[in-house]
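All values below were derived from every heavy atom in this structure, side-chain atoms included, with hydrogens, water molecules and symmetry-related copies excluded.
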Amino acid sequence: MRWADAETGRVSHLSRQIRLNLWVYAALTVMGLIRVHFAWPQGRQWAMIPLGLALLILVGSHLLNWEELTRRSWMRTAVVASYWAAMLAHLLFCLPDPDPELMFPVGAVMITVAAATTIGSRLGISLGVGALVAYVPLVLVQPELDLPLSTSIAAVIGGVAGLCVLTANNRRHHLNQRRAAERRTVALMENGSDAVLAIGDHQVRYASTSTGRILGRDAATLSVEDLADMTHPDEAERVSEWLEGLRTKGQGATGVLESRTRHKDGTWMDVEVTATNHLDDPDIQAIILSVRDVSTQKALRAELTRQAFEDAVTGLPNRVLLIDRIITAVRRHARTSGRVSLLLIDLDDFKKINDTRGHMAGDDFLRTVAQRMAKVVRPSDTLARLGGDEFAVFVEELDDIGLHTLAERLLAEIKTPVRLGTSDLIGTASIGIATLKSTQDADLDAAHELMRDADLAMYAAKAGGRDRIAVFDPSMYTAAVQEAEGRTDLERGLAANEFVVNYQPIVDLPSGKLVGVEALARWQHPERGLVAPDAFIAQAERTGLIVALGAHILRVACFEVARWQRDIPGAENVRVSINLSARQFQEKDLVDTVRSALTDSGINPGLVVLEITESLLMQDVDATVVTLHELRDLGVRIAIDDFGTGYSSLSYLRRFPIDILKIDKAFIDGITIDSDDATLAEAVVGLGKALRLSTVAEGIEHIDQQSMLSDLGVTYGQGYLFAKPGTADEIAEMVREHYGPDYD
């Protein structure tokens with residue numbers, strides 16, 4: 001049996017009250033029969049006949065379907081009319097009674113109470129007032145009036161009527177509150193995200209109206225059979241076992257289950273069912289189910305999972321999923337003595353595609369390459385994109401020959417032209433191969449070691465010229481560790497301010513007088529002593545630490561040379577040359593760094609020479625020209641270091657704001673014995689004169705080299721012939737000697 005709703009409860013209450021009222025009327029009729037039989041004279045005994053018929057009618061009326069009748073719209077009016085008719089009939093019965101002042105109040109009170117409890121306080125008040133009004137003339141026509149008794153009875157009638165009214169009013173108020181609570185509960189359930197069901201005795205005792213909106217089923221007709229039919233066939237047994245388990249666990253047992261159910265439109269939806277056992281609760285006697293549609297949430301979870309393990313551009317597995325598969329395979333092969341391998345693939349110069357064609361074209365290129373590589377690998381292999389232009393292929397049980405063959409096929413696919421727009425692009429790649437032996441520990445570290453080794457091999461392939469394959473060798477790891485330790489040591493040295501500046505004098509070749517110095521970086525290492533730049537500059541370039549180191553050397557040199565210019569008489573025009581690396585030149589704030597060093601030190605910008613290599617000029621000509629002009633605008637001068645070792649042409653050289661050419665030591669060493677070196681030096685000097693540039697010869701070690709270079713017209717020189725690099729104090733003393741009063 002379903003739980004009654006508000007309307008059903010109202011109908012049920014009214015029908016019960018009507019049946020109760022029929023018994024009240026029957027009781028009054030029986031009382032009338034008794035009264036007629038014992039108190040009325042013989043001439044009026046005939047009144048028992050209509051009273052008997054009335055009693056039969058009242059008793060027989062209980063057989064009527066009052067639940068159905070009370071649903072009729074006119075029934076309430078008929079019930080109200082029956083109370084007034086009963087009051088009138090009772091009054092007419094009491095008129096010939098020998099003791100009407102006693103009989104009438106009893107029946108009037110019973111009718112009033114019945115009316116007040118069934119219909120409400122207003123009808124109770126009306127009947128009570130009507131009874132009092134009818135009672136007054138009924139008493140007054142009596143031959144012997146007992147006023148105190150009659151007054152008391154009238155008061156009792158009024159008090160009973162008033163009490164009935166209050167009771168009925170309180171009951172009505174309570175009933176209204178309960179109905180309001182029911183309406184609120186229904187409204188909340190209707191607008192809630194759950195369909196609430198009560199299942200007991202293999203039937204649906206209750207279904208919230210939200211069932212129709214959520215499950216697409218009519219709450220009024222939903223049955224247990226419907227619920228069974230809605231459940232997905234693959235999960236019907238599991239759902240049944242789950243419900244049975246709740247029953248056996250007893251009162252208060254709660255469980256949550258995810259299942260699939262069929263909507264009325266035929267689509268399957270994911271639902272989360274929360275159930276609580278209330279079978280032993282006499283007021284409930286059911287298992288309460290809260291059914292929530294979680295299709296959207298589950299789809300979202302699936303999408304998030306897909307995004308977490310799938311590359312958005314190519315649709316391939318990403319790094320997370322690749323590592324998970326590597327770990328799983330490593331653990332499996334550790335038990336089966338197998339082997340796993342990883343091929344790490346990095347597309348060469350992919351950045352140029354993004355820079356020249358845009359990122360959308362770059363993504364198209366990646367997708368095409370990924371599709372082609374997917375055709376090469378075996379179904380059991382895992383092709384993944386790690387990010388950017390990096391891919392990986394994870395393979396199991398493939399020997400060295402098979403790995404190399406697979407790598408060659410991948411390279412061939414990558415080299416196949418890719419059509420983008422109206423042109424074809426041909427790509428190349430560097431592939432590193434690493435293999436993990438089954439004897440290694442099967443844990444997360446082992447998987448990361450495989451990734452690391454393949455990465456080292458891939459970088460070895462790039463260092464070897466790109467478009468090639470490299471297989472991991474333990475020496476690669478040793479070199480990587482040394483590189484990492486060297487970087488750490490460099491970072492520590494920079495933080496500890498261990499880098500110092502030495503200076504090598506630059507002299508006027510004809511006179512030999514000191515005119516400037518070149519700032520040279522040295523590392524005052526706490527364990528290795530004074531370290532020459534050849535031991536750390538290259539690594540500083542690779543790691544990017546050269547930027548911080550170069551800025552440090554620039555500031556120190558500017559401050560120390562500015563101090564000489566202030567403290568040493570005659571040295572006001574001593575200049576300082578400072579090297580700029582290619583990595584520094586790539587920094588956007590290079591000009592600001594130079595400006596800050598000049599401003600803070602107070603040095604004359606015209607006495608600062610910034611040296612760059614010839615090869616640096618040709619890396620990005622347009623950008624280099626802009627930066628050099630910005631530096632020249634600060635007042636500094638620009639020198640090309642190691643001139644003659646690069647590949648600049650005169651047409652390019654004229655575009656750069658250059659002040660000085662420095663002839664590389666390689667040409668100076670053989671200038672006195674090799675005519676070609678002498679000719680080249682003479683050509684550089686001639687070029688400098690043609691472009692109105694000063695020239696500086698590096699690495700002069702012999703007097704005959706100085707003499708020949710001076711004869712060729714070289715302006716300045718530096719080298720061991722004049723002085724080895726020295727500390728700031730040592731070179732400051734040399735400056736004093738050159739500019740003192742005793743210097744000739």
Side-chain angles (χ1 to χ4, degrees), residues 16-64 66 78-121 123-168:
R16 287 196 305 271
Q17 288 298 115
I18 289 175
R19 284 190 171 91
L20 180 61
N21 291 339
L22 290 175
W23 287 116
V24 170
Y25 295 156
L28 287 175
T29 304
V30 171
M31 184 179 67
L33 286 170
I34 295 171
R35 185 68 180 170
V36 171
H37 179 70
F38 290 104
W40 285 24
Q42 288 294 327
R44 296 181 181 178
Q45 292 291 315
W46 58 265
M48 295 182 66
I49 296 174
L51 288 175
L53 292 174
L55 180 61
L56 291 175
I57 293 172
L58 291 171
V59 173
S61 298
H62 282 83
L63 300 177
L64 297 176
W66 290 107
V79 172
V80 172
S82 71
Y83 290 122
W84 286 108
M87 186 67 75
L88 179 60
H90 181 58
L91 176 62
L92 294 175
F93 173 81
C94 291
L95 286 176
D97 192 90
D99 300 307
E101 72 277 7
L102 296 177
M103 294 302 298
F104 179 76
V106 175
V109 167
M110 292 179 68
I111 295 172
T112 302
V113 170
T117 55
T118 302
I119 301 301
S121 57
L123 182 59
I125 293 173
S126 299
L127 286 171
V129 171
L132 286 174
V133 171
Y135 183 67
V136 173
L138 186 65
V139 172
L140 293 178
V141 297
Q142 296 301 313
E144 295 181 4
L145 178 62
D146 189 345
L147 186 60
L149 177 60
S150 300
T151 304
S152 298
I153 292 174
V156 169
I157 295 174
V160 170
L163 182 60
C164 290
V165 169
L166 290 176
T167 303

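Within a 6.0 Å radius of CZ in Arg19, more than 12 heavy atoms belonging to other residues, nucleotides or ligands are found.
One finds the CD atom of Gln17 at 6.0 Å from the CG atom of Asn21 (value rounded to the nearest 0.5 Å). Distance CG/Leu28 to NE2/His90: 6.5 Å, rounded to 0.5 Å. If you take CG on Leu58 and CH2 on Trp23, they are separated by 9.5 Å, rounding to the nearest 0.5 Å. With values rounded to the nearest 0.5 angstrom, Leu55 atom CG is found 9.0 Å from Leu51 atom CG. Atom-to-atom distance recorded for Ile57:CD1 and Leu22:CG is 11.5 Å, nearest 0.5 angstrom. Taken to the nearest 0.5 Å, the CD1 atom of Ile34 stands 9.0 Å off from the CE atom of Met48.
When all heavy atoms are compared, the tightest approach of Val36 to Gln45 is O-NE2, 2.8 Å. Minimum heavy-atom separation, Thr29 to Ala54: CG2-CB, 4.4 Å. Of all non-hydrogen atoms in Pro98 and Ala39, the two that sit nearest each other are CG-O, 3.5 Å.
Classification of the Trp40-Phe93 ring pair by plane angle, with boundaries at 30° and 60°, yields parallel.
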